[in-house]
Amino acid sequence: AALTSRIIHALAPLNMSSALVQGVRRVLTQRARSASSPARAFNTSAAKRGGGGADEPAYLHAKQMYDVGATKHKHLVFGTVALALLGVGTAIPIYAVRFQQKKAGN
């Protein structure tokens with residue numbers, strides 16, 4: 001930074017066009033900034049080789065498992081799931097209230 005400011009001050013009294021002086025100043029200040037601060041970049045590691053991924057053994061049936069449109073008896077399956085969730089969502093608060101009342105002695 002000190003060297004850059006010395007060069008800029010040395011160029012000022014010369015009879016150069018102002019556009020050239022401004023250009024030199026820009027270049028020197030950009031170089032000084034880039035030298036003083038570390039470069040920032042987005043880096044990632046390389047992809048691992050040798051298997052894995054969404055279609056490999058851990059998710060062998062993933063294509064069929066997440067294809068909701070191909071589900072057999074959709075209305076029965078999703079109706080049963082919805083009723084089960086409704087039952088659990090109702091039973092937990094009822095159990096919690098009864099547990100609290102029992103602990104309080106009511």
Side-chain angles (χ1 to χ4, degrees):
L3 179 64
T4 304
S5 63
R6 286 183 195 162
I7 293 172
I8 291 173
H9 289 296
L11 289 176
L14 295 177
N15 290 330
M16 296 180 165
S17 68
S18 62
L20 181 61
V21 172
Q22 290 296 328
V24 171
R25 283 183 183 171
R26 274 197 196 131
V27 169
L28 291 174
T29 54
Q30 286 175 354
R31 284 187 182 173
R33 283 185 194 150
S34 65
S36 64
S37 64
R40 296 178 57 108
F42 182 76
N43 295 321
T44 60
S45 59
K48 292 184 179 179
R49 295 180 184 259
D55 294 329
E56 291 299 321
Y59 297 102
L60 189 60
H61 304 290
K63 291 178 184 175
Q64 295 82 11
M65 184 170 30
Y66 297 118
D67 189 7
V68 176
T71 303
K72 295 178 182 175
H73 310 291
K74 269 192 284 194
H75 289 77
L76 178 64
V77 169
F78 289 107
T80 305
V81 169
L83 284 175
L85 290 173
L86 180 68
V88 169
T90 304
I92 289 174
I94 291 173
Y95 174 77
V97 168
R98 287 187 179 171
F99 182 80
Q100 283 181 337
Q101 288 176 346
K102 185 174 79 172
K103 289 296 239 178
N106 291 340

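If you're wondering where the values come from, they're calculated on a predicted model, not measured in any experiment.
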J.: Other members of the hydrophobic cluster containing Val88, with the 4.5 Å side-chain heavy-atom rule, please.
T.: Ile92
J.: Run the side chain to side chain contact (heavy atoms under 4.5 Å, CB included) test against Gln100 and tell me which residues pass, sequence neighbours left out.
T.: none
J.: Quick one: closest heavy-atom pair of Leu86 and Thr90, and the distance?
T.: O-OG1, 2.8 Å
J.: Return the set of residues passing side chain to side chain contact (heavy atoms under 4.5 Å, CB included) with Leu76 (not counting sequence neighbours), or none when no residue passes.
T.: His73, Thr80
